[in-house]
Amino acid sequence: MPVVVFPSSQLLWVRVAAVLFTCVAFSVAAHGAALPLGSMNDWCIFCWALSFACSCLVLLVEQCGLQARIPVSWSNFPITVACYACLLCLSATVIFPVFFLKDQQLYYEVRDYRIVSTVFSCLATVVYMWEVSLTKAKPGEVTGYMATAPGLMKVCQTFVACVIFILVSNPVSYNQHPALKWCMAVYCICFILSMAVVVLCVGECTGYLPIPFSKFLSAYGLLAVLMYLSATIVWPVFQFGKQYQYQSRGRESNNVITVAVLTALNFLFYLADLAYTARLVFVRA
C-alpha cells in the first residue's frame with residue numbers, strides 16, 4: 001500500500017500554490033461575481049477549474065508515489081499539464097477583466113469579487129510559469145520530450161490553434177473564398193499533428209510509429225512551416241485586400257485581425273520548433 005510522504009521542495013510548494021490560486025479564482029467567480037451567462041464566462045471558469053483539477057491530480061499522484069501505476073509518461077505529463085494550465089490561466093487573466101471589469105457599472109461587492117478572481121488568476125499564471133521553468137529540461141539533462149523546448153512549443157502551437165478555431169467560427173470568417181478555406185485546413189491539419197505528437201509522448205507511444213520519431217518530427221516540422229507560411233500570407237491578403245474584402249464590422253473585424261496575428265505567431269513557433277529539431281537531429285548526429 002503506498003505511503004503518503006510530503007518532502008519539502010520548491011516544486012511542491014509551487015504546485016500547492018497553483019492549486020490554491022486556481023481554486024480561489026473559480027470559487028470566488030462562481031460564488032459572488034454575479035457573472036452574466038455567456039461563452040466568455042464559461043471559458044474563464046473552465047480554464048481555472050481544469051487547471052485546478054489537473055494540478056490536484058499531479059500533486060496527489062506524486063505525493064502518493066503512484067507514478068508507476070499511471071499509464072502515462074511521468075517525465076512528460078506534469079510539465080505538459082503545467083504548460084497548458086499556464087496558457088489557460090493567462091487567457092482567463094486577459095479575458096476576465098476585459099469582459100467583466102472594464103467599463104462595467106457594478107456594485108462594490110460584485111466588483112471586489114471580480115477583482116479577486118482576476119488577481120488570483122494572475123497569480124496562478126505566474127506560479128505555472130514558475131513550475132514550467134523548474135521542470136523544463138536543463139542543458140545536457142536527459143528527460144522527456146515534452147520538457148524540451150520543441151515539446152513546450154508543441155503545447156503553444158496547439159493552444160494558439162484552439163484560439164484561432166474559436167475566433168474563425170464565431171462568426172464564421174473563412175467561407176468567403178477557397179483560399180480562406182485552405183487556411184482553415186492548415187490550422188486543422190497542423191493542430192491534429194501537433195496534438196498527436198503530444199499524445200504520443202505523454203502516452204509513451206512514439207515507438208509505434210513506422211519511422212523513427214526524430215525523422216517524423218523533422219518531416220512534419222518542415223511541412224508545418226511551409227503550410228503556416230502560406231496561411232500567414234493568404235489570410236491577410238484575402239481578408240484585407242481591396243479586391244477580396246467584404247464588409248465586416250465590430251467583433252468580426254477584430255476577430256479577423258486577431259487571427260492574422262495568431263497565424264503569424266504560430267508560424268514563428270513552428271519555425272523555431274523546426275530549427276531546434278533540426279539542430280538536435282542533424283548537428284548532434
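Sequence positions, counted from 1, serve as the residue numbers for this chain.
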Exercise for review: State, with a plain yes or no, whether a side-chain heavy atom of Asn255 is found less than 4.5 Å away from one of Ser173.
Suggested key: no

Practice item. Can you label the angle between the Phe213 ring and the Tyr145 ring as parallel, tilted or perpendicular, going by 30° and 60°? Key: perpendicular

Revision key, fill the gap. Between Val127 and Ala17, the two heavy atoms sitting closest are CG1-CB, 4.2 Å

Exercise for review: Check the hydrophobic clustering (I, L, V, M, F, W, Y; side-chain heavy atoms under 4.5 Å; chains of links allowed) and say if Leu59 and Phe52 are grouped together.
Suggested key: yes

Exercise for review: Output, in order, the C-alpha distance, side-chain angles, deciding distance and verdict of side-chain contact (heavy atoms from CB on, under 4.5 Å) for Ser91 and Val163.
Suggested key: CA-CA 10 Å; Ser91 69; Val163 177; over 6 Å; no

Review point. When clusters are formed by joining ILVMFWY residues with side-chain heavy atoms under 4.5 Å apart, either directly or through shared neighbours, do Phe159 and Met129 land in the same one?
Key: no

Point to revise | From CA spacing to verdict: side-chain contact (heavy atoms from CB on, under 4.5 Å), Leu20, Phe120 | key: CA-CA 9 Å; Leu20 292 176; Phe120 276 90; over 6 Å; no

Review point. At their closest point, which heavy atom of Leu274 faces which heavy atom of Ser218, and how far apart are they?
Key: CD1-O, 3.9 Å

Review point. Does Met184 reach the side chain of Phe165, with side-chain heavy atoms less than 4.5 Å apart?
Key: yes

Practice item. Give the intermediate values and the outcome of side-chain contact (heavy atoms from CB on, under 4.5 Å) for residues Lys154 and Gln157. Key: CA-CA 5 Å; Lys154 292 290 189 302; Gln157 291 159 9; 3.5 Å; yes

Check your understanding: Given the rule that I, L, V, M, F, W and Y join up when any side-chain heavy atoms are under 4.5 Å apart, are Phe267 and Leu193 in one cluster?
Key -> yes

Practice item. Find out whether Thr22 and Ser55 are in side-chain contact, i.e. whether some heavy atom of one side chain is under 4.5 Å from a heavy atom of the other. Key: no

Check your understanding: Side chains of Trp74 and Leu66: closer than 4.5 Å at any heavy-atom pair?
Key -> no

Review point. Once you round to the nearest 0.5 Å, how far does OH of Tyr270 lie from CG of Leu265?
Key: 11.0 Å

Practice item. Find out whether Trp48 and Trp43 are in side-chain contact, i.e. whether some heavy atom of one side chain is under 4.5 Å from a heavy atom of the other. Key: no

Check your understanding: Looking at SG of Cys47 and OH of Tyr84, how far apart are the two atoms once the value is rounded to the nearest 0.5 Å?
Key -> 13.0 Å

Point to revise | Side chains of Tyr174 and Ser169, donor plus acceptor under 3.5 Å | key: no

Review point. In Å, rounded to the nearest 0.5 Å, how long is the span from CE of Met227 to OG of Ser230?
Key: 6.5 Å

Practice item. Find the distance between CG (Leu222) and CG (Asp273) and round it off to the nearest 0.5 Å. Key: 12.0 Å

Point to revise | CD1-OH distance between Ile79 and Tyr128, expressed to the nearest 0.5 angstrom | key: 13.5 Å

Practice item. Looking only at non-hydrogen atoms, find the nearest pair between Cys156 and Leu87 and report the distance. Key: CA-CD1, 4.1 Å

Exercise for review: Show the numbers, then the answer: is there a side-chain contact (heavy atoms from CB on, under 4.5 Å) between Thr258 and Ile164?
Suggested key: CA-CA 8 Å; Thr258 305; Ile164 290 175; over 6 Å; no

Review point. Are any of the side-chain heavy atoms of Ile257 and Phe240 separated by less than 4.5 Å?
Key: yes

Practice item. Write down the atom of Leu152, the atom of Ala147, and the distance for their closest heavy-atom approach. Key: CD1-O, 4.5 Å

Practice item. Say whether, by atom type as modelled, one donor and one acceptor occur between the side chain of Ser194 and the main chain of Thr158 under 3.5 angstrom. Key: no

Point to revise | Linked, directly or transitively: Val237 and Tyr228 (ILVMFWY side chains, under 4.5 Å) | key: yes

Review point. Cluster question for you: counting only ILVMFWY and a side-chain heavy-atom cut-off of under 4.5 Å, with indirect links fine, are Leu60 and Phe77 together?
Key: no

Exercise for review: May I ask you to test the Trp235-Leu180 pair for a side-chain heavy-atom distance under 4.5 Å?
Suggested key: yes

Check your understanding: Given side chains that start at C-beta, do those of Ser121 and Phe96 come closer than 4.5 Å, heavy atoms only?
Key -> no

Review point. Relative to the ring of His177, is the ring of Phe238 parallel (under 30°), tilted (30 to 60°) or perpendicular (over 60°)?
Key: tilted

**Study point:** Distance-minimising heavy-atom pair for Ala231 and Val186
**Key:** CB-CG1, 4.1 Å

**Study point:** Closest heavy-atom pair and its distance - Glu131, Arg15
**Key:** OE2-NE, 2.9 Å

Practice item. To the nearest 0.5 Å, tell me how far Asn76 CG sits from Leu200 CG. Key: 11.0 Å

